[in-house]
There are 2 protein chains.
Amino acid sequence: MHEYPGQHRILVAVDCIIFGFDGVNVKLLLVKRSLTPEQGKWSLMGGFINPSESPDDAANRVLEERTGLKDVYMDQFMVFGNPKRDPVERTLSVTYFALIDIHQYEEQLSGEHSPEWFLLDNMPDMVFDHAEMVTIALKQLRYKAALHPILFQLLPGKFTIPQLQALYEGVYQTEFDDRNFSRKLLSTGLLVKLAEKDKQSSKKGAFYYRLDQSHYEENFEKFLNLVPNPDKFF
Amino acid sequence: MHEYPGQHRILVAVDCIIFGFDGVNVKLLLVKRSLTPEQGKWSLMGGFINPSESPDDAANRVLEERTGLKDVYMDQFMVFGNPKRDPVERTLSVTYFALIDIHQYEEQLSGEHSPEWFLLDNMPDMVFDHAEMVTIALKQLRYKAALHPILFQLLPGKFTIPQLQALYEGVYQTEFDDRNFSRKLLSTGLLVKLAEKDKQSSKKGAFYYRLDQSHYEENFEKFLNLVPNPDKFF
DNA sequence: CCAAAAGTGTTATCAATACACCCATGT
DNA sequence: ACATGGGTGTATTGATAACACTTTTGG
């Protein structure tokens, strides 16, 4: 079983940094830790890797077990491996960041396991080094979202341009010019205009759009410059 | 010692994907694997994580032990965690990519441990999933180098613009317009012109430059667009 | 008819490219 | 003197951003 003799084996966990958007604010999903120590303190959703699982499998399993969410956008992110990060026993954490539309999953999430959404500027104390993970992941989210159309993952299947703009403004904590924003996004060719309008937030009403899925996949890796003056955020 | 009961502990290794540049070609540094199985087959430089080490520490130690190199540019890269990737025993690999100037270290490397530089288009068979690691890392190198001035790490302290251009052309396997390239790089403000000229490669001679270290650090995270038409590479 | 939000048009500025041309010098 | 590579100048194109203006419709 231990074929490489004399080596040190380490517990390996996955932790998911789950961002959501409710139409107004970008939020982060946390759960209460179920193990001692720090039981009951807020924590990222995580779990240990099982013998037959890859870290990616483990992250997807953890997410599904705890929230019922499947087929979520999830990226491997960073390894946190300071030998003292978990005071109980050395544990390596492979982190993932995930993006979901809050409304689509609100019901599943209101259940037994008490996950809760937190505003980014109002985060509770978190276990171990989870606060650091979140800080770095948010930076990474901003970085990646400036170049690639990942934030669409946070929106429902149909959405308006003003909603999209509110999302970008939430992520970058700033305001963009409405007129340039809509033209820039439309010029990517990623959006398909629908007949229907959203009349909730204005009298004129804003057209709904949906993603052009094939165009989205083809252009995902291109550098799109979706954010004005991106340099100022880095 | 095992404080979280009933969990599965895993061997964790680090593997370093080391890119170098000799003035003409971009190359990758490999060593012969010292353990069975596949002993003697080419491999990335790697080793297991010790109990008191973070993965970053381990990567630096491995690099120093095997090559004598210290203070090398190194980025945490990706975790490879397929449970079957090492047939001997499950081993998680945390990979790093490193960039060094080949000439500065040629002597150290010619020693006992038989590391060897390989051209990217002439790579030998490699152990386990190391070939996959290299493929993905090269993509990542191209991605990052298009936006951030990392390739300077591959050059000596003083270098000419034509040398720099040869490096970029090697990384992207294409040719850039000399005139635009030099103006674009100079306009970043990252370069300081020296009095001396390199007369090796032309009669006129090309001025040497060095990095403006503080400017380099300040602007490292900015999006610089150092590569013409970067989209076509992704 | 007015307020409020959606979205189009217009223009100035700047960056990126393509390419003509001049420069320095070893042979 | 001339071939070779280094480097500057210039025109064109296109993207960006700032901002005026029109459009729609519920109250």
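Order of the sequence lines sets the chain letters (A, B, ...), proteins ahead of strands, with each chain counted from 1.
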Let me know the distance between CZ of Phe223(B) and P of dC14(C), rounded to the nearest Å.
22 Å

Whether Lys158(B) and Asp198(B) form a salt bridge (side-chain N of Lys/Arg under 4.0 Å from carboxylate O of Asp/Glu) is what I want to check.
no

Heavy atoms only: give me the nearest Lys222(A)-His148(A) pair and the separation to one decimal.
O-ND1, 3.0 Å

Here the residues of residues 198-207 of chain A within 4.0 Å heavy-atom distance, strictly under, of DNA chain D are Lys199(A), Lys203(A), Lys204(A)

Using the six-membered ring wherever Trp is involved, compare the ring planes of Tyr73(B) and Phe220(B) and label them parallel, tilted or perpendicular (cut-offs 30° and 60°).
tilted

Exactly one candidate in Asp15(A), Asp56(A), Asp75(A) meets side chain to side chain donor-acceptor pair (under 3.5 Å) with Tyr96(A); the answer is Asp56(A)

Testing Phe21(A), Phe152(A), Phe181(A) one by one against Tyr168(A) for a ring pair (Phe, Tyr, Trp, His ring centres under 6.0 Å), which residue passes?
Phe181(A)

Would you kindly check if the NZ (Lys) or CZ (Arg) of Lys197(B) is within the cone defined by 45 degrees around the ring axis of Phe207(B) and under 6.0 Å from the six-membered ring centre?
yes

Greater than 12 external heavy atoms within 6.0 Å of Gln200(B)'s CD
no

Return the residues of residues 152-186 of chain B meeting this criterion: a heavy atom under 4.0 Å from some atom of DNA chain D. Order them by number, or give none.
Pro162(B), Arg179(B), Arg183(B)

Side chain of His103(B), backbone of Asp22(B): donor and acceptor closer than 3.5 Å?
yes

Distance check: side-chain N/O of Asn225(A) vs OP1/OP2 of dA15(D), anything under 4.0 Å?
no

